[in-house]
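First up is the structure itself, then whatever we jot down about it.
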Amino acid sequence: VETEGGMRLPKVEGRRLDEGDSIRSRPTYRVLNEFREWYRGYESAHLEYDSPEGETVRTPLENSYQPEYANRYYARLKAFEREVKRQYESLTTAMLTFSASHENANGNPRCPADHMREIADGWDTARKLLHKVLSGREWEYVRIWEPHQDGYGHLHVGIFVEGGVDAVEFEPVMETYVNRVKSAGTKAHTNDPCSDHMGGGSDRWDSVEGGCGDCHAPVSVNSDVSNLGTYLSEYLGAYGEPVTDRPVYQQVFYAVTWATNTRRLDFSNGAQRLIELDEF
C-alpha cells in the first residue's frame with residue numbers, strides 16, 4: 001500500500017518510513033515458515049549461568065508456544081479459579097465471543113493479521129462499555145484467543161461477576177463491538193435461541209442454552225463454575241503435540257499471534273492480583 005501525504009507513517013525496524021516509501025504485506029506461508037524456524041531454534045537452545053555453588057548450569061530456553069509452557073498457563077488459570085471462588089460468595093460467569101468475517105468485500109480471504117487486530121481493537125472499545133454496564137459490581141475477566149479451522153482467530157472473554165447477571169445486560173457491549181468492527185455482523189453477535197428454547201427466558205438473549213448445539217449464543221451465562229481452569233484451557237489449546245506437528249490451520253494461527261505480538265491468554269488487572277495472592 002503506497003503511503004499518502006498526511007498519513008501518520010509507522011515505524012519499521014526502528015526507523016520511520018519516509019514519504020514515497022511503500023509498505024508491502026508478506027504472504028502467510030512466508031510468515032509461517034519464519035515462525036517454524038524461530039520455534040525450532042528453541043529445540044537446541046540453552047541458557048547458561050553460574051549456580052550459587054559456582055557450577056556452570058545449562059537449562060533449556062522456553063517459549064510460550066511449547067507444550068511444556070502449557071503448565072504455566074494452566075497454573076495461572078487454576079490459581080485464578082481458586083481465588084475468585086474464595087473472594088466471591090455468589091459467582092456467575094458469562095462468556096462473550098467476538099469474531100469477524102474472514103473475507104473482504106470481494107469475497108477473498110482477508111489478511112489474518114489485520115483480521116486479528118480488528119477484533120482486538122473492537123474488544124478494547126467494547127471493554128470500556130463493559131465497565132459501565134457492570135458498574136457497582138465486583139467483576140474480573142479472562143481473555144483467550146482460539147483458532148478457527150481456517151487459521152483465523154476469534155476471541156473469548158470470560159466475565160466473572162459477584163452475584164447474578166443476565167445475558168441481555170451484555171447486549172450494548174456486543175452492539176458497541178459490532179459498530180466498531182464493520183466486518184463483525186450483528187447476527188453473529190446476537191443471541192438466537194433454537195425453537196426448543198425460544199421463550200425459555202424473559203428475552204431472546206436470556207432464552208438461549210449455552211450447552212445447546214442449536215442455540216446461537218455469543219453470550220452465555222452460567223452459575224456452574226466447577227473446574228473453571230480446565231474449561232478455559234481447552235479454548236487455549238496449549239496442551240498437545242509440538243506446534244510444528246499440529247494441523248496447518250493451528251500453525252497459521254500461532255504464526256499470526258507471533259507476528260502480531262498478540263497474547264493468547266490475558267487477565268484483567270484485578271484477576272492478575274488474585275493470581276498473585278494465590279501464589280503468595
Side-chain angles (χ1 to χ4, degrees), residues 10-16 26 28-87 112-113 116-117 120 140-147 151 153 155-156 158 160 227-248 250-280:
K11 291 183 178 179
V12 176
E13 295 182 354
R15 73 174 181 87
R16 182 171 292 278
R26 282 184 290 179
T28 301
Y29 78 87
R30 185 175 297 172
V31 175
L32 175 57
N33 288 339
E34 291 177 4
F35 171 69
R36 286 169 171 163
E37 183 178 354
W38 171 83
Y39 182 87
R40 291 189 179 112
Y42 277 79
E43 294 176 355
S44 58
H46 289 77
L47 179 66
E48 187 174 289
Y49 60 93
D50 293 333
S51 70
E53 293 76 22
E55 298 178 352
T56 300
V57 180
R58 299 176 77 243
T59 183
L61 283 179
E62 287 185 330
N63 67 67
S64 61
Y65 296 92
Q66 293 173 317
E68 297 82 2
Y69 206 91
N71 290 329
R72 298 190 184 186
Y73 284 138
Y74 187 67
R76 290 178 64 78
L77 285 168
K78 294 299 286 186
F80 174 66
E81 174 189 331
R82 286 189 294 268
E83 287 304 319
V84 76
K85 287 180 179 179
R86 287 172 183 155
Q87 299 294 329
M116 181 168 283
R117 287 194 184 102
E140 303 298 342
Y141 71 81
V142 177
R143 178 185 60 75
I144 299 176
W145 284 95
E146 183 184 25
L155 189 62
H156 296 288
F160 305 87
N227 215 8
L228 180 65
T230 302
Y231 176 74
L232 292 173
S233 66
E234 290 179 358
Y235 281 129
L236 189 60
Y239 285 102
E241 303 83 5
V243 168
T244 49
D245 293 337
R246 296 195 183 189
V248 172
Q250 292 186 22
Q251 295 188 46
V252 169
F253 168 74
Y254 291 134
V256 173
T257 61
W258 172 74
T260 58
N261 197 28
T262 298
R263 288 185 176 182
R264 290 175 291 141
L265 173 65
D266 200 12
F267 299 86
S268 62
N269 291 335
Q272 292 184 51
R273 287 192 291 270
L274 290 177
I275 293 171
E276 293 171 358
L277 177 63
D278 185 86
E279 292 173 348
F280 176 77

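What you see is a predicted model, and the numbers here were worked out from it, not measured in a lab. Note that these values count all heavy atoms, side chains included, but never hydrogens, waters or copies made by symmetry.
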### Summary
Separation between CD (Glu43) and CG (Asn63), nearest 0.5 Å, reads 10.0 Å
### Query
Going through the checks in order, is the side-chain contact (heavy atoms from CB on, under 4.5 Å) test met by Glu55 and Asp50?
CA-CA 5 Å; Glu55 298 178 352; Asp50 293 333; over 6 Å; no
### Query
Below 4.5 Å, heavy atoms only, C-beta onward: do Leu232 and Ile144 meet side chain to side chain?
yes
### Message
If you define the side chain from C-beta out and look only at heavy atoms, does anything of Phe267 sit under 4.5 Å from Glu140?
### Response
no
### Donor-acceptor contact present, side-chain Gln250 to main-chain Pro247, <3.5 Å
no
### Task
Kindly give the heavy-atom pair with the smallest separation between Pro112 and Val256, and that separation in Å.
CB-CG2, 3.6 Å
#### Entry: Asn71 side chain to Tyr239 side chain, donor-acceptor N/O pair below 3.5 angstrom
yes
#### Entry: Positive for side chain to side chain contact (heavy atoms under 4.5 Å, CB included) with Leu277, one of Glu83, Arg86, Gln272
Glu83
### Message
salt bridge (charged side-chain N to carboxylate O under 4.0 Å, His left out) for Glu34 and Arg26? Distances and angles first, verdict last.
### Response
CA-CA 11 Å; Glu34 291 177 4; Arg26 282 184 290 179; 2.9 Å; yes
### Query
Parallel, tilted or perpendicular: which describes the rings of Phe35 and Tyr65, with under 30° parallel and over 60° perpendicular?
perpendicular
### Query
Just checking, Arg58 and Tyr49: is the charged tip under 6.0 Å from the six-membered ring centre and within 45° of the axis?
no
### Message
For Val57 and Glu48: C-alpha separation, side-chain torsions, deciding distance, then whether side-chain contact (heavy atoms from CB on, under 4.5 Å) applies.
### Response
CA-CA 6 Å; Val57 180; Glu48 187 174 289; over 6 Å; no
### Message
For a 4.5 angstrom cut-off between non-hydrogen side-chain atoms, does Leu265 reach Trp145?
### Response
no
#### Entry: Distance (rounded to the nearest 0.5 Å) between Gln66 CD and Tyr42 OH
8.0 Å
### Query
Does the side chain of Tyr254 come within less than 4.5 Å of Trp258's, by heavy atoms?
no
### Note, Arg36 side chain near Leu32 side chain (heavy atom, < 4.5 Å)
yes
### Message
Give me the atom names and distance for the closest heavy-atom approach of Ala255 to Val31.
### Response
O-CG1, 4.1 Å
### Query
Does Lys78 come within less than 4.0 Å of Glu81, counting only side-chain N to carboxylate O?
yes
### Task
Please answer whether the main-chain N or O of Ala271 pairs with a side-chain N or O of Ser268 as donor and acceptor at a distance below 3.5 Å.
yes
### Message
Does any part of the side chain of Thr59, heavy atoms only, come nearer than 4.5 Å to the side chain of His46, both counted from C-beta?
### Response
no
### Query
About how many Å separate CD of Gln251 and OG1 of Thr28, when rounded to the nearest 0.5 Å?
13.0 Å
### Any side-chain heavy-atom pair of Phe160 and Leu274 under 4.5 Å
no
### Test item: Arg143 side-chain N/O and Arg263 main-chain N/O as donor-acceptor pair under 3.5 Å
yes
### Query
Are any non-hydrogen side-chain atoms of Phe80 and Asp278 less than 4.5 angstrom apart?
no
### Query
With the threshold set at 4.0 Å, does a side-chain nitrogen-carboxylate oxygen contact exist between Arg264 and Glu146?
no
